[in-house]
Structures are given as C-alpha cells and as structure tokens.
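Encoded as structure tokens, the structure appears first; notes follow it.
On a predicted model such as this, the values are computed, not experimentally measured, just so you know. Lettering of chains follows the sequences in order, A, B, ..., and the numbering in each one begins at 1.
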Amino acid sequence: MAKEAFPHKEVEKKWQERWMRDETYRSQEVEGKPKKYVLDMFPYPSGEGLHVGHPKGYIATDVFSRHARMQGHEVLHPMGWDAFGLPAENYALKHKAHPRAAVEKNIATFKSQLARLGFDYDWSREINTTDPAYYHWTQWIFLKLLEQGLAFESEEPINWCPSCKTGLANEDLDGNACERCGTPVEKKRLPQWVLKITEYADRLLVDLDTLNWPEHIKEAQRNWIGRSEGAELDFAITGTDEKIAVFTTRPDTLFGVTYVVLAPEHPLLQSAYRNLIPIKNFKEVHAYAVTAAGKTEIERGAEGKEKTGVKLEGVMAVNPATKEEVPVFVADYVLGSYGTGAVMAVPAHDERDYAFAKKFGLSISRVIEGGNLPFTGDGVLVDSSEFSGKGNREVMGDIVAYAGGKKAVRYKLRDWVFSRQRYWGEPIPVIHCEKCGTVPVPYEDLPVTLPEVESYEPTGTGESPLAAIDSWVNTTCPKCKGPGKRETNTMPQWAGSSWYYLRFMDPGNDGALVSTKAEKYWAPVDMYVGGAEHATRHLIYARFWHKFLYDISVVSTLEPFARLASVGLILAEDGRKMSKRFGNVINPDDVVAEYGADAFRLYEMFMGPFENATAWSTSSIAGTARFIERVWRLQEKVADESRARLDKALHETIKKVGEDIEAFKFNTAVSQMMVFVNAAEKEGEIGKEQWRSFLKVLAPFAPHMTDELWERLGEDGSIHQASWPAYEPALLAASEAAVVVQVNGKRRGEAVLAADASEADALAAARKIDTVATALGDAEPKRVVYVPGKIINLVV
RNA sequence: GCCGAGAUGGCGGAAUGGCAGACGCACAGGGCUUAAAACCCUGAGAUGGCCUAAAAACCUUCGUGUGGGUUCGAGUCCCACUCUCGGCACCA
C-alpha cells in the first residue's frame, strides 16, 4: 500500500457522491424498529454564508445520528430553511433583490457549504418555510387558533421598531430595543392579531420539569413565564360603587398599606369612566396618565429611577382589613399590563413603595419586625390586629380570607403580538368584510399565497406593503359573497419555525399537516440542538403551538423536544465574536480545503465541552489533522492476528466513545480515540478485527476516511450502515493493577497486585516497599484503608 | 436585586471521594535531512534541596478562585465569601 498522505479531497468527493447515489441516509418508518429523531435548529439562509461556528451543532447531531444508526435505530436527521422574516427581507432590501431570489441564492450557498462537511442529512425531506405548500399549514394552524378563540384582534398599543417599520412581540425585544437591529422601540397603537400564549402559561411552566434540557434554558423559560402566587384584594372607593382590585404577593403586609396606586392605563382613569369616581383634579390626572401610557416600559423608568405620580384628589380607598381610608395615586411605576393594573402600597416593606412614599411625604407604617425600612424579609407581624405576634408567612392565607380576598396566580408572560407590517412573511388568512366582520379564509382556499409586488419596501405607516396591491386586497367575503378586503399584515418570523419539526416527519403531504402514522412513529424529537439565544423565543413559541396541536389531536406528545443541547459559540481567534464587522470570520470551505472535512469535524468536537464558548485555533486544527494522518498510516500496520495487549484499550474506547456520544461529551470521546491510536502505534501492529472495530468507532466523527478504509479492508457497503461494535466487559477489568500505597494519605510507592488480592496480601506487599517501610518507621498502622485495584492507605 | 452556570499549567481542557494536570495546542532538546518543511523520539505545575562545570536522576514542601469544615484521603462533599459569564428585572 502506498505511503501516501490521506488524499482528503478525492476521498471526500468520492464518498459524498456515493452516499448520495446509494441514498445511504434515507429514513423511513419501519414498523417495530426503534427510531431516533435528531434535529438541528434550521438556519436562516442569510447572505453572509456559514462561518466555522455554524456547523458545530450540525457536526454534533451528525455524530449523534450516525452512532444511533449504527446502533440499529431508524434515524431521521433532516435539514431545511427558515427563510421568511426580517433577516431575509432586510438582506434583500439592502441588495436590491426580491426576497425570494435572495433566499434561493442563499440557500444554494448554504447547501453547498454544508455538503462539503459530509453530513448525513436526508435531503429528500428538505423543507422551506416560504414554500406555499409549507405555509399552507402555517396558515392552517392560525385558522385553528382562531377557531379555538386563541387568536384575537387587538388595538392595544404595541412595541414598534421605527427602523424595521413593524410591530414586535415582547420576545422580539432586547431591553427596550429591537432585537434585530438595536433601534429603541416606540409605543404605537395598531390593529394587531394577538395569540393567547398566556392561556398556556401554566402548562408551559409545569411541563418543563418533564424535559431533559439544560438547566439554564429551563430557568430562562421559568423567568420569562414569571409565575407569582399571591392574592387579589378589593379596595372599595368611598362614596361610590366602584372598587379597586389589586394583586399582591404580600397579603401579609395588608395592615401596612398607606395608599393605593393605579397604573396610567387603568380603566378608572379613562375619560369614558370619568363620572364613576370623584377625581377633583381629573384633567391633571388624565394628562399624566395619557403621557405615561404612551411611553414604553423602559422609558417609564427602570428600577432606581425617581418615581413620578399624581394624587387623585377627593378619592379615598378602603383597606378591606382595617376599614381605614387611604389616598389613591396614579404612577407610572405600576404597569397596566400586569396583575390588575393597581397595587396596594406598603412603603415599610417594599422598596418601590418606600421611595414613592418618601418623595410624596406619605405615611409609612411597619407591620413586620426586623431590619431597617424598607424591610422586605420575613418576621413577626406587629400592628396587624389579631395576626400580631404571628409569623408573616404562616398567616398569609388567613389574612386574605379575613379581608375577603382570593388567592390568585399571575404571570409575566404576555400574549404574542402576531402581526408584522412587512412583505416577506406568511399572509394572515382572514378577510375583513363590512357586513360580516372578520371572516377566516375557508380551509379549502389555503394557502393564501403571497402576491408578487413591485415594491415590497415597508411603508412605515403601520400598513403592510401588501395593502398597496388592490387586485390582491380586494376579494369576496367567503360568508356573504359581498366585497371583502384581505388582511394585509403577515406573520412573524417565528411562525414557520414553530412547527417545522412536524413537517420533516411527513414532508410533501398536501392533505394534512402531518399524517397520524408518521407522527406516531417519529414524535417527539429525541435530540434537538441549537443556540441558547432561542431559549425564550423559538423554544417557547414552538412549545406553545405544540401543546395547542396536542389539544386539537394533531400530535400525540405533550412536548415537541424531549432532549435539548445548546451549542456553545465558536469565537474568532482574537477571542471576539466572529463577525464581518471585525474582519475575523473564518469560512469552513477554506478550512475543509486545507485540512479536510474529517479533520474539521474532529476539531470542532475536540475543542472543549460542547456547550462552552471556545476561540478558534488554527494551530489546534493542525493537531486533529495530524491525528487523521496517523490513523491513515495505521492501515499499513494491520495484521491478521489480534494484538492481545490492545484489547483492553480497544474495549475501553468502544465503551467510552459510545457513552460519550450519547452524553454529548464529544471532546473526551475524541481524546479516548487518540489514546487508542497512541497505544496502537506503540504496539506497532493492530489486528484486523481490532482495526475494524476502531474504524467503526471513529466513523461518526470522520465519515469520509473511515468509509475509504473500510472499503480498502474489502468490506461491502458503507461503514455507516455497519453495526456499532460491542465491548467485552471482561476485557475492561484488568486481572492485575498497580495499587498506590499511601502512608497517612501521602503516596509512598505502588505495588502490582491481583485485582482480587486480599487486604492482608496487599498490606504485606506494601510493607515490602522500601519507601513505605521508611515512612512507617517503627510505627504500626492503626488503620488500613484498602480499595482493591486502586489504593491502600496505611494510617499511623 | 432575584435566578442559573462556572473558576484547574503558557492555552483548550481531563479526572464514579482514591497517583491532579488525561488528550491536544504552543514551547524546549534530540533524531532524520546538505538544509528546511514534514515526520519520529524525549521533556516540562511551582518552589526549595542534594549532586554538579552544568544538567539528568533523586528528595522536600507547596499546588485546582479565597477562608473554614467533614474524611484515612477533597478539584470533587458541606458552610461562608470573591470574581466571571448568562437569563430576568419598577412584574407589586
């Protein structure tokens, strides 16, 4: 055999073509065969193309899925494109191209880049969210949500990005800025479609416990959902029939309430209700409320900012526990969109109320002992009528009952603002009719396709560019057959990605979202891999839609993604984020051309723990390329007879690599294979059977080279359809081992002992060692700790 | 402020309570070579000592963010801190 370097270019080309030709990675439902559905978060095909950070997760799922296949699972490992939405559209605007043309070009680029890495995707299942046959079902889900009362029209002010010229959901914000472009958002009142994700808040929270997900992702979702347990209490307004309902998590402090605060959005402050309560300075109050309500939450001031507010002159509220009257304020530190839009203020035991009371000179009354004011801890109640002297936590429920309130649970999660005033998205399938109101497009008329337009630039007026196309907008009402106008807003970027994992199970099905047969076989996704930045966006939306689809019997599982791994970033060599802006982007094409796809794959898996952010290192990839070459050269050392001394290392490698892949600990799997190759080189020869087993273990990581070496061994078919080797437990346990001898916990020598040597034998052997005898001196061991095969410690 | 994850050589990192630093990078010395690259071999946590012309070898002590504790034995378990990264944040 020639002493050639590994000709990676030819080998990659040869096997990539052969896998394609033989449909090596085609997946199908096979009755009775165990399945594994392994999924990457599918990419937005941006114009930038892939940099070396993108494939890290794809390599991991590739290794994982190849291992699963070799273990006898039917594997589904698909790929597709999330091509609607702002990134694609903004790219198209910038490059003066139609979004569709840009998307097609970008997909071609992405696909060719991915192809070079030798992934085992079943490309026959490729999907694209902008394909009408796909978004047919995105629209179908919307109609079902509408049918079930979970989609509704709202005129509430929403967050508006003046740069992207569209409304945004809460999840699309980064603080007070548009998550996409960083522009601060404004409040804007627009007719909007909103999805009632809040109806699912509790289930989204509780079912997190059933998921095998990283703790930080689950915690991010718990924070986002923000469940609070407390109580709702009514404060009657003196001299009227009105009352102010407040939500509080601290009903135990009810006896310390010295005023009540309404949010600027509170209904009692609106002009329409002005006669309900006797606000003497209504004009002033109303003006303050209108101004404050028009500001975004961030503009209204974060924690620490000086509080503002106006007293409602002539209005007093009655504390339901003490029957005392307290003044009422409007202040922008109270949010209209949370709780009841009104709070009871307890300045002695709440920092915000304390700051407000100090500024406005309001009274402060302590009802819990301990600490300086404001005291937010727990303690013994005082000045709390019959509850005085009791622990505040113990009597919380009793105080609620005493005050005639009721227990209540509130969430921070907001409903999903679902309309976008942009062109490049799924049209929302409803028709507005003067006579019938809002009418859903009949299911049989789906999909409502996106029309071709001259100008798809956003108008900025709050109208979608679609509104300018009269021929498309003007239609007939499905109900009364009179004139109707189409909804011109489109769906957000997250719509198509909220259910795509279902489409992969049954792509191209025009008759249903997914067939029951396919869904029953493949669901749920067994392993889902992607970036942690989706924790409170995509991952929460997809869970919401999935639970809804479960409720209407489209899917059979409560959760879409049973297990999740979040991929750590690959930083540039300079430690910064890889970005065109910094000029530090590394293109995988260049790396593959120089070092080969297998070395690239191995390197990204070897860099460090999968979830860690790690800087790219060109010299380190040279190391894995060296490893590839050493394996390649090992083919010259293959002998007919197995080398007994390699057996232990081999079987350890089979065991560890398999377990590490399963646990997503690829870095230690790679290092174990290096350990084995080191041992084989030292041995000078490797038996043919041992070589076969080792190639199989390496195959998920280095699919091209291993298939080539497999063929050179004279094997038929692809190594990737061979079965994973079994390890022999008997070979793992060494018959004898070097046992460390310690005296008082300090290493003094070692003794080679049989694995089953008795303590007496071990002690005798230990005593024979000079250094041990010296350390012992005349002393007799008071105690001997013996762990067979590991250690013997003599305590004197 | 609340919540989560983490801190180990020059670097990435490894280690079911049992020889800390596997594996790799970078580095140093040597081999091969006319030379270089490639490749191969060897070395290396720190400090002090011993022997030395110098080194190797050998020995001592220290050593996994800090301070305590449990244990025959702690990177690993417990308590209290410091710092870094991430999520939430005027959510009552």
(Q) Once side chain to side chain donor-acceptor pair (under 3.5 Å) is applied, do any residues pair with A:Y259, and if so which ones, sequence neighbours excluded? (A) A:Y333
Q. When you measure from the side chain of A:S671, which nucleotide among B:rC19, B:rA22, B:rG18 comes out closest?
A. B:rA22
(Q) Distance check, P atoms only: B:rG30 and B:rA35, in whole angstrom units. (A) 13 Å
Q. With a 6.0 Å cut-off on ring centres, are A:F664 and A:F666 close enough?
A. yes
Q.
With rounding to the closest Å, how many angstrom separate the C1' atoms on B:rC85 and B:rC79?
A. 25 Å
Q.
Using OP1 and OP2 only, check whether a side-chain N or O of A:Y338 sits under 4.0 Å from B:rA92.
A. yes
Q) Can you list the residues that meet the side-chain contact (heavy atoms from CB on, under 4.5 Å) rule with A:K655, with sequence neighbours excluded? A) A:E659, A:Y727, A:L732
Q: Give the rounded distance in Å between these two atoms: CE of A:M605 and P of B:rG12.
A: 19 Å
Q. Taking 4.0 angstrom as the limit, do A:R633 and A:E629 come out as a salt bridge?
A. no
Q. Just checking, A:K56 and A:F610: is the charged tip under 6.0 Å from the six-membered ring centre and within 45° of the axis?
A. yes
What are the atom names and distances for every N/O pair under 3.5 Å that joins the protein to nucleotides 24-26 of chain B?
| unit_1 | atom_1 | unit_2 | atom_2 | d |
| --- | --- | --- | --- | --- |
| B:rG24 | OP1 | A:N678 | ND2 | 3.3 |
| B:rC25 | OP1 | A:R626 | NE | 3.0 |
| B:rC25 | OP1 | A:R626 | NH2 | 2.6 |
| B:rC25 | O3' | A:S619 | O | 3.3 |
| B:rC25 | O2' | A:S619 | OG | 3.0 |
| B:rA26 | OP2 | A:R626 | NH2 | 3.4 |

Q: With P as the reference atom in both, quote the distance from B:rA80 to B:rG4 in angstrom, rounded to an integer.
A: 14 Å
**Q.** Whole-angstrom distance between B:rA36 and B:rG45, as gauged at atom C1'
**A.** 34 Å
Q. Is there side-chain contact between A:F676 and A:V697, with at least one heavy-atom pair below 4.5 Å?
A. no
Q.
The criterion is side-chain contact (heavy atoms from CB on, under 4.5 Å); which residues satisfy it with A:R537, sequence neighbours excluded?
A. A:E171, A:E179, A:W494
Q. So does A:N667 get a side-chain nitrogen or oxygen closer than 4.0 Å to the phosphate oxygens (OP1/OP2) of B:rG12?
A. no
Q: May I have the distance from A:K782 (atom NZ) to B:rG73 (atom P), rounded to whole angstrom?
A: 11 Å
Q.
Can you identify which nucleotide, out of B:rG12, B:rA15, B:rU16, has its nearest atom closest to the A:T668 side chain?
A. B:rA15
(Q) I need the CG-C1' distance between A:D350 and B:rA89, as an integer number of Å. (A) 14 Å
Q) Atom CZ of A:F701 and atom P of B:rC23: how far apart are they, to the nearest Å? A) 18 Å
Q.
Between B:rG12 and B:rU66, how many Å separate the two C1' atoms, rounded to a whole number?
A. 25 Å
Q: Output all residues satisfying salt bridge (charged side-chain N to carboxylate O under 4.0 Å, His left out) with A:D172, sequence neighbours left out; order by chain, then residue number.
A: A:R420
Q) Could you give the CZ-to-P distance, from A:F627 to B:rC39, as a whole number of Å? A) 15 Å
Q. So what does A:R414 touch, heavy atoms closer than 4.0 Å: a base, only the sugar-phosphate, or nothing?
A. base
Q: Decide if atom NZ of A:K406 counts as having more than 12 heavy atoms of other residues, nucleotides or ligands within a radius under 6.0 Å.
A: no
Q) Which whole number of Å gives the distance between the P atom of B:rG31 and that of B:rG17? A) 47 Å
Q. Once you round it to whole Å, what is the distance between C1' of B:rC41 and NZ of A:K682?
A. 12 Å
Q: Using a 4.0 Å heavy-atom cut-off across all strands, classify A:V346 as base, sugar-phosphate, or nothing.
A: nothing
Q) Residues in side-chain contact (heavy atoms from CB on, under 4.5 Å) with A:E594, at least two apart? A) none
Q: Look at A:E683 together with A:K637 and state whether they make a salt bridge at an N to O cut-off of under 4.0 Å.
A: no
Q) Which part of the nucleic acid, if any, lies within reach of A:P214 when heavy atoms closer than 4.0 Å are counted: base, sugar-phosphate only, or nothing? A) nothing
Q) Of A:E681 and A:A613, whose closest RNA chain B nucleotide lies nearer the 5' terminus? A) A:A613
Q. Can you list every pair that meets salt bridge (charged side-chain N to carboxylate O under 4.0 Å, His left out) and has a residue in residues 246-266 of chain A, with sequence neighbours left out?
A. A:R250-A:D252, A:E265-A:R300
(Q) Please tell me whether A:Y603 and A:Y595 form a close aromatic pair, meaning their ring centres lie under 6.0 Å apart. (A) no
**Q.** Rounded distance in Å between the C1' positions of B:rG43 and B:rA26
**A.** 14 Å
Q: Could you tell me whether A:N612 contacts a base, only the sugar-phosphate backbone, or nothing, with contacts defined as non-hydrogen atoms closer than 4.0 Å?
A: sugar-phosphate
(Q) Let me spell it out: for each of A:M344 and A:M607, pick the nucleotide of RNA chain B with the closest heavy atom. Which residue's pick is nearer the 5' end? (A) A:M607
Under 3.5 Å, side-chain donor or acceptor atoms of residues 785-796 of chain A against the rest of the protein: list the pairs with distances, not counting sequence neighbours.
| unit_1 | atom_1 | unit_2 | atom_2 | d |
| --- | --- | --- | --- | --- |
| A:Y786 | OH | A:A757 | O | 2.9 |
| A:N793 | OD1 | A:G745 | N | 3.0 |

Q. Out of B:rG13, B:rC90, B:rG18, which has the shortest distance to the side chain of A:T614?
A. B:rG13
Q: Please list, chain by chain and in numerical order, all residues satisfying side-chain contact (heavy atoms from CB on, under 4.5 Å) with A:S671, sequence neighbours excluded.
A: A:F606
**Q.** Euclidean distance, atom NZ of residue A:K359 to atom P of B:rC90 [Å, nearest integer]
**A.** 18 Å
Taking N or O atoms only and anything under 3.5 Å, show me the protein contacts with nucleotides 81-88 of chain B, one pair per line.
| unit_1 | atom_1 | unit_2 | atom_2 | d |
| --- | --- | --- | --- | --- |
| B:rG87 | N2 | A:N223 | ND2 | 3.2 |
| B:rG87 | N3 | A:N223 | ND2 | 3.3 |
| B:rC88 | O2' | A:K412 | NZ | 3.0 |

Q: Specify the separation, in whole Å, of atom CZ of A:R410 and atom C1' of B:rC90.
A: 18 Å
Atom pairs under 3.5 Å: protein N/O with N/O of nucleotides 69-72 of chain B:
| unit_1 | atom_1 | unit_2 | atom_2 | d |
| --- | --- | --- | --- | --- |
| B:rC72 | OP1 | A:R783 | NH1 | 2.6 |
| B:rC72 | O2' | A:N793 | ND2 | 3.4 |
| B:rC72 | O2 | A:N793 | ND2 | 2.4 |

Q | Rounded distance in Å between the C1' positions of B:rC19 and B:rA74 | A | 14 Å
Q) In dot-bracket, 5' to 3', how would RNA chain B read with Watson-Crick or G-U wobble pairs under 3.5 Å, [ ] for crossing ones and | for pairs to another strand? A) (((((((..(((.....[....))).(((((.......))))).((.((........)).))..(((((..]....))))))))))))....
Q.
Classify the ring geometry of A:F6 against A:W632: parallel below 30°, tilted from 30° to 60°, perpendicular beyond 60°.
A. tilted
Q) Which label fits B:rG4, syn or anti, where anti is any glycosidic angle not within 90° of 0? A) anti
